[in-house]
Amino acid sequence: MSDFTTIEKEVPEEVLALQNEFDEFIYLASHDLKEPARKITTFGQRLSKSLKGKLSEEEEDFFARMMDAANRQQAMIDDLLKLSRINTADFKRQRIMLHELVEELNIDERTEFKYQCPKIAYGDRPQLKIALQEVIDNAEKFNIGKVKIKLSTKSIFSTVIASKGLNPSRNYAYLIFSDNGIGIPEDQMSDIFRPFYRVNGRSEYDGAGMGLSIAKAILEKMGGAIWMEKPFSSGTSVHILLPAA
């Protein structure tokens, strides 16, 4: 029997029914919103070509802002669909060689990436790869200089495991992603995992604020956990627990 089935049985059936109904609503609403957003972008692009050279400087600025807003709306809907699909998808439970998975992550050529991680974890491999990639992308995005990311591991106390809502008698792979980015205020380290939450303004950094929310949804469905801690130096420290047995 998979760990995912065990986790679901610990939740009252009424709560699960409401959660499933809500997830289905989010999926359908996001899917229906995607079509009009796509049409706005498509017809906007056509208008942009046909009106090229005919608009005043101010009108061109208005049009550019409209297209930017339409593109952002479409990106937000896409991210919302990703999140809803995670909640409704069936996750596999398989043995994952973490070193092999980490080597498959897309690391920017300008990023200095060093890693040492546990050998084995259990969960859905493709979904775990998505979650870890979101953590890497977040570290690379919120950085103003040469990006340095370090993946490490260490032993963890059972009291810490229990504080994350997990079974302290089980074995977990413990991953710590540390970077030298701009960092996050300590009082916002929990909020950063909320959908569409942004610490910085959109004019400073692109994105809809969904990357870490997607990672959290994946890791929790696998029976793990993710959180942030204030590092000793500057930057961000993302901590992850994954079932290892």
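Every heavy atom of this structure was used, including side-chain atoms; hydrogens, water molecules and symmetry mates were not.
Glu140 is not listed as a side-chain neighbour of Asp179, based on a closest heavy-atom distance of 4.5 Å or more. Considering only heavy atoms from C-beta on, Phe142 stays 4.5 Å or farther from Thr236 through its side chain. With a 4.5 Å cut-off on side-chain heavy atoms, Asp108 and Phe113 do not count as touching.
In terms of heavy-atom proximity, Gly123 sits nearest to Ile96 at O-CD1, 3.6 Å. What you find for Gln133 and Asn106 is that their closest heavy atoms are OE1-N, 2.8 Å. The two residues Phe63 and Ser48 come nearest to each other via the heavy atoms CE2-CB, 3.6 Å. Across every non-hydrogen atom of Ala244 and Tyr172, the tightest pair is CB-C, 3.7 Å. Shortest non-hydrogen contact noted between Glu186 and Lys230 is OE1-CD, 3.5 Å. Taking every heavy atom of both residues into account, Ala121 and Ala173 meet most closely at CB-CB, 4.3 Å.
Rounding to the nearest 0.5 Å places CD of Gln127 at 10.0 Å from CD1 of Ile214. Atom-to-atom distance recorded for Ile156:CD1 and Asn171:CG is 12.0 Å, nearest 0.5 angstrom. Atom OH of Tyr115 sits about 9.5 Å away from atom CG of Leu105, to the nearest 0.5 Å. Between His239 atom NE2 and Thr153 atom OG1 the span is 11.0 Å, to the nearest 0.5 Å. To the nearest 0.5 angstrom, Glu220 atom CD is 11.5 Å from Leu241 atom CG.
The cluster map of Ile, Leu, Val, Met, Phe, Trp and Tyr, joined by side-chain heavy atoms under 4.5 Å apart, puts Ile240 and Leu212 in the same cluster. Placement of Trp227 and Leu132 in two distinct hydrophobic clusters is found when ILVMFWY residues are connected by side-chain heavy-atom separations under 4.5 Å, directly or transitively. The hydrophobic clustering, which links ILVMFWY residues whose side-chain heavy atoms are closer than 4.5 Å, places Ile120 and Leu166 apart. With hydrophobic clusters built from ILVMFWY side chains whose heavy atoms lie under 4.5 angstrom apart, Ile149 shares a cluster with Leu219. Transitive grouping of hydrophobic side chains (ILVMFWY, heavy atoms separated by less than 4.5 Å) brings Met67 and Leu51 into a common cluster.
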Evaluate the criterion side-chain contact (heavy atoms from CB on, under 4.5 Å) for residue pair Phe91 and Ile218; output intermediate values, then yes/no. CA-CA 9 Å; Phe91 275 31; Ile218 291 172; 4.1 Å; yes
Does His99 form a side-chain contact (heavy atoms from CB on, under 4.5 Å) with Cys117? I'd like the steps, not just the answer. CA-CA 7 Å; His99 280 78; Cys117 61; 3.8 Å; yes
Steps toward side-chain contact (heavy atoms from CB on, under 4.5 Å) verdict (Tyr122, Arg95): CA-CA 5 Å; Tyr122 284 86; Arg95 190 169 184 261; 3.6 Å; yes
I'd like to know whether Arg110 forms a side-chain contact (heavy atoms from CB on, under 4.5 Å) with Val147, so could you lay out the CA-CA distance, the side-chain angles of the two residues, the decisive distance to 0.1 Å, and finally the verdict. CA-CA 7 Å; Arg110 295 168 296 179; Val147 184; over 6 Å; no
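Ser213 contributes a side-chain N or O that, together with a main-chain N or O of Arg194, makes up a donor-acceptor pair within less than 3.5 Å. Remark: side-chain polar atoms of Ser163 are paired, donor with acceptor, to backbone N or O of Val160 under 3.5 angstrom. Side-chain N or O atoms of Lys221 include one that pairs as donor or acceptor with a backbone N or O of Ile86 at under 3.5 Å. Side chain of Gln74 to backbone of Thr41: no donor-acceptor contact under 3.5 angstrom is found. Of the possible donor and acceptor atoms, one in the side chain of Asn180 sits under 3.5 Å from a partner among the backbone N and O of Lys146. Using a distance-only test at 3.5 Å, with no hydrogens or angles considered, a donor-acceptor pair links the side chain of Gln94 to the main chain of Arg125.
Counted within 6.0 Å of NZ on Lys164, heavy atoms from surrounding residues, nucleotides or ligands total more than 12; the atom is thus considered enclosed. In this structure, Gln116 places its CD atom where only 12 or fewer heavy-atom neighbours from other residues, nucleotides or ligands lie under 6.0 Å away.
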